[in-house]
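Numbered from 1 within each chain, the chains take letters A, B, ... in sequence-line order.
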There are 2 protein chains.
Amino acid sequence: MPDIQPDKAAAAQQIRHLQDTLYVVNGKWKLPILVAVHQGNSRFRDIQRSVQGITTKVLSTELKALEQNKLVVRRVYDTSPPTVEYTTSSYCDTLQTMILEMIAWGKNHHDRIREE
Amino acid sequence: MPDIQPDKAAAAQQIRHLQDTLYVVNGKWKLPILVAVHQGNSRFRDIQRSVQGITTKVLSTELKALEQNKLVVRRVYDTSPPTVEYTTSSYCDTLQTMILEMIAWGKNHHDRIREE
DNA sequence: ATATCTGGCATCCTTTAGGTAACTGGCATC
DNA sequence: GATGCCAGTTACCTAAAGGATGCCAGATAT
């Protein structure tokens, strides 16, 4: 009779890993922003226009959080007025398949709801 | 000069699909609960024990939302006291690959953070 | 000259998510 | 006969997320 049940421990681990992911990409906006930037919208206002309904305040806050988590890179160019560019990091690419799955499921779900 | 730029429209669609998904599985708890139930925890208290830190109130609320979105099924058996069982629906299975990707990324991310 | 663009920041406010604690009512256990 | 288990509910409260509005300063476009 082992003290540790390996399957239970593994199950608990899975949930913890999932929660780690959710901790990084929580909220309504972070993933949509990531996608918008990845699509090539590098300027603050372009991102705002791509992510419908987001305010500058929220966008600003979220971009900072994403930068801290090394998912986006912010570059400021010494023009006048300064040009600011956001790009996704190479680390952000590791989220690709996950995000694509989320997009695919959303499409599927939307179609399913429409049928009812 | 076409009025509609198909790539732009497609890009906007992707973001909308992603937001549809987020709308269904928002918050800290829904996905962890789904995983716990999928792992075979069918009883209310078992689920609560599996999803560390969740309160009965939150679990109760989230289960109702998941039931409404047809991701979990709630069955009551006419015993005394009544037995209640939660299971994931077949529709919930369509989330599988997405969730597995999220778990995988969380594990990878966790390892990466630890290395720093 | 006036309007509009840029990348935000500051302030105020509302909404929602989530947490705390207490309680229920039958049944089984000590 | 007191305690504990089950599956929750209720009321109350806090913290965080998110939204509304106004503003800045330098530049470009009309």
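Contacts of A/E62 with the nucleic acid, taken as non-hydrogen atoms under 4.0 Å apart, involve only primed sugar atoms and P, OP1 or OP2. Nucleic acid contact class of A/S80 (heavy atoms, under 4.0 Å, all strands): sugar-phosphate only.
No donor-acceptor pair closer than 3.5 Å links the side chain of A/T88 to the backbone N or O of A/V37. Side chain of A/S89 to backbone of A/K70: a donor-acceptor contact under 3.5 angstrom is found. Panel note: side chain B/R43, backbone B/V84; a donor-acceptor pair is recorded below 3.5 Å.
OP1 and OP2 of C/dT16 both lie 4.0 Å or more from every side-chain N or O belonging to A/K28. Considering only side-chain N and O atoms, B/T61 lies nowhere under 4.0 angstrom from the phosphate OP1 or OP2 of C/dA17. For the OP1/OP2 pair of C/dT6 and a distance below 4.0 Å, the side-chain nitrogens and oxygens of A/T83 include no atom meeting the criterion. Here A/R43 does not reach the OP1 or OP2 of C/dT6: none of its side-chain N or O atoms lies under 4.0 Å away. Close to C/dC9, at under 4.0 Å from its OP1 or OP2, lies a side-chain N or O of A/K64. Distances shorter than 4.0 Å separate some side-chain N or O of B/Y86 from OP1 or OP2 on D/dG8. For D/dG4, neither phosphate oxygen OP1 nor OP2 lies less than 4.0 angstrom from any side-chain nitrogen or oxygen of B/R45.
In a base pair of the Watson-Crick type (N1 to N3 plus N6-O4 or O6-N4) or a G-U wobble (N1-O2 and O6-N3), with each distance short of 3.5 Å, D/dG18 is matched with C/dC13. In this entry C/dA22 has D/dT9 as its Watson-Crick or G-U wobble partner, both defining distances falling under 3.5 Å.
Look at CZ on A/R74: it is 8 Å from C1' on C/dG7, rounded to the nearest Å. Nucleotide C/dG8 holds its P atom 13 Å from the OH atom of A/Y77, rounded to whole Å. Distance B/Q48 CD to D/dC6 P: 10 Å, rounded to the nearest Å. Here the P atom of nucleotide D/dA15 and the CG atom of A/N26 are 18 Å apart, to the nearest Å. What separates CG of A/L59 from P of C/dG8 is a distance of 9 Å, to the nearest Å. Straight-line distance from the CD atom of B/E85 to the P atom of D/dA7: 10 Å, rounded to whole Å. Atoms CG (B/L22) and C1' (C/dA17) sit 16 Å apart, rounded to a whole Å. Taking atom CZ on A/R49 and atom P on C/dG7, their separation rounds to 8 Å, with Å as the unit.
Annotation: of the two residues near DNA chain D, A/T55 and B/D46, the 5′-most nearest-nucleotide partner is B/D46.
Between A/W105 and B/Y91, the ring center distance clears the sub-6.0 Å criterion.
Between the side chains of B/E101 and A/T97, at least one donor-acceptor pair of N or O atoms lies under 3.5 Å.
For A/K57, the side-chain atoms get nearest to D/dA20 when compared with the rest of D/dA20, D/dG8, C/dG19.
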- Task: Check the pair B/H110, A/D20 against side chain to side chain donor-acceptor pair (under 3.5 Å), reporting the backbone distance first and the verdict last.
- Result: CA-CA 7 Å; B/H110 187 80; A/D20 287 340; 3.3 Å; yes
